[in-house]
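Reviewing the structure listed below.
Being a predicted model, the structure only gives us computed values, none of them experimental.
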Amino acid sequence: MKKTAQTIISPDKFYTIASADGRVLEVADFNTENGADVRLWKDAGELWQQWAFVRAGQGVYRIQNRFTGKMIDLVAGGVVDGTWVHQWEGASASSQLWVLEPTNDGRVKIKSNLAGKCLDVVGMSQEDGAHLQIWQDVNGENQFWTIAPAKEPKAAPKAAAKPAKKPAAPKAAKPAAPKAAKPAAPKAAAPKAEVKPAAPKAAAPKAEVKPAPKAAAPKAEAKPAAPKPEAKPAAPKAEAKPAAPKAAKPAKKAPAKKGK
């Protein structure tokens, strides 16, 4: 192993924590929830692969993820070999306290201040996604870590360049398009509508001729000439009935003379 200078930890900077094969610690799937797994993955310069060392005492630190703001923590506060690590919100719990123990080649061992055991790669795996645990110090390669200053994300400068393009947008003077006064075209069509109403004036006189034939109605005045019914009053012939005075028959009472 090539000897390298020991990295000096500053409280206002971020670092990568790399294993012997160059893979770095990260929060799995950039998950921001408590309990998200801390694992190994190839270095992509992402924010969830960068860590700050928050001093908690002489040589003692809390290790905080730059992206999630949460700390590397022992699952359930375990202290036995094989206890996995995950991230959890900052707390005063000793399960989040870690001691950096330098080696003579510039690397460090990261030991739990609670359990006294080393941060270790499960199964000594060298694959992306390998899990982290604590294990007794066996001086194995999977217990040595290289802490190096993190590079700023590559995407950061690109994001800063984009705003400069936005001010140029006003050049698109599309609002000037209304100058094509197409709406004015309807004015030519308007006079056509004024000619059509004049046509009905010729039809109006026809209506005045039709009432003329109604003058034949006077023919009905000849009907009163039927005074023939006036001859009916000749019926007074019935007045001859009073001649019935023939009823004078009661005068026969004259025989009363018998009384003499």
Side-chain angles (χ1 to χ4, degrees), residues 1 3-28 30-75 77-79 83-122 130-137 139-153 156:
M1 173 67 69
K3 187 172 182 178
T4 58
Q6 193 74 48
T7 299
I8 298 175
I9 302 300
S10 297
D12 57 348
K13 292 184 179 181
F14 295 95
Y15 301 86
T16 56
I17 304 173
S19 65
D21 67 353
R23 287 178 171 78
V24 298
L25 268 66
E26 71 163 21
V27 175
F30 45 89
N31 189 336
T32 60
E33 298 297 323
N34 285 334
D37 187 30
V38 175
R39 66 185 183 184
L40 286 182
W41 204 270
K42 59 186 175 184
D43 187 0
E46 303 291 356
L47 295 179
W48 49 91
Q49 295 180 328
Q50 299 179 15
W51 306 87
F53 289 83
V54 182
R55 188 178 295 277
Q58 185 61 38
V60 181
Y61 301 89
R62 288 188 174 84
I63 305 174
Q64 183 179 37
N65 187 264
R66 183 175 187 177
F67 182 74
T68 67
K70 295 182 177 178
M71 313 293 182
I72 294 179
D73 180 272
L74 294 173
V75 173
V79 296
T83 297
W84 281 21
V85 300
H86 61 185
Q87 72 167 5
W88 204 268
E89 60 190 357
S92 59
S94 55
S95 59
Q96 294 182 355
L97 299 179
W98 302 89
V99 176
L100 303 184
E101 186 177 292
T103 66
N104 59 4
D105 61 6
R107 297 184 295 173
V108 298
K109 291 180 181 179
I110 302 175
K111 290 187 175 181
S112 167
N113 192 56
L114 174 64
K117 296 180 177 180
C118 298
L119 186 65
D120 178 286
V121 181
V122 174
H131 299 288
L132 281 298
Q133 64 182 0
I134 55 170
W135 201 268
Q136 60 184 315
D137 188 352
N139 216 37
E141 280 297 302
N142 59 325
Q143 295 180 341
F144 289 99
W145 303 92
T146 299
I147 298 174
K151 296 178 181 179
E152 286 300 315

field: Of Thr68, Asp73, Asn34, the residue whose pairing with Gln87 passes side-chain hydrogen bond (donor to acceptor under 3.5 Å, both in side chains)
entry: Thr68
query: Who are the ring pair (Phe, Tyr, Trp, His ring centres under 6.0 Å) partners of Phe67, not counting sequence neighbours?
result: Trp48
- request: Run the numbers on Trp98 and Arg62 for side chain to side chain contact (heavy atoms under 4.5 Å, CB included), then give the verdict.
  value: CA-CA 6 Å; Trp98 302 89; Arg62 288 188 174 84; 6.0 Å; no
- prompt: Between the main-chain N or O of Thr32 and the side-chain N or O of Lys70, is there a donor-acceptor pair closer than 3.5 Å?
  reply: yes
- request: List for me each residue that meets side chain to side chain donor-acceptor pair (under 3.5 Å) alongside Glu26, sequence neighbours excluded, and say none if there are none.
  value: Arg39, Gln49
task: Can you sort out the partners of Asn113 under side chain to side chain donor-acceptor pair (under 3.5 Å), two or more places apart, ordered by chain and number?
output: none
message: My understanding is that only residues two or more places apart in sequence, or in another chain, count here; which of them pass salt bridge (charged side-chain N to carboxylate O under 4.0 Å, His left out) with Arg66?
response: Glu152
field: Residue pairs involving residues 51-61 (criterion side chain to side chain donor-acceptor pair (under 3.5 Å); sequence neighbours excluded)
entry: Arg55-Tyr61
- request: Only counting residues at least two apart or in another chain, list the ones meeting side-chain contact (heavy atoms from CB on, under 4.5 Å) with Asn142.
  value: Asp120, Val121, Met124
message: According to side chain to side chain donor-acceptor pair (under 3.5 Å), who are the partners of Thr83, at least two apart in sequence or on a separate chain?
response: none
- prompt: Residues two or more places apart in sequence or in another chain: which of them pass salt bridge (charged side-chain N to carboxylate O under 4.0 Å, His left out) with Lys111?
  reply: Glu101, Asp137
- request: Could you pull out all residues at least two apart from Asp21 that satisfy side chain to side chain donor-acceptor pair (under 3.5 Å)?
  value: Ser19, Arg23
- line: Value for CZ (Arg107) from CH2 (Trp145), rounded to nearest 0.5 Å, stands at 11.0 Å
message: Checking Glu33 now: which residues fulfil salt bridge (charged side-chain N to carboxylate O under 4.0 Å, His left out) with it, not counting sequence neighbours?
response: none
N/O donor-acceptor pairs under 3.5 Å from side chains in residues 11-18, not counting sequence neighbours:
unit_1 : atom_1 : unit_2 : atom_2 : d
Tyr15  : OH     : Ile8   : O      : 3.4
Tyr15  : OH     : Ser10  : N      : 2.8
Thr16  : OG1    : Ala148 : O      : 3.4

message: Taking Lys117's backbone N and O only, do any of them form a donor-acceptor pair with Gln143's side chain (distance below 3.5 Å, no angle check)?
response: no
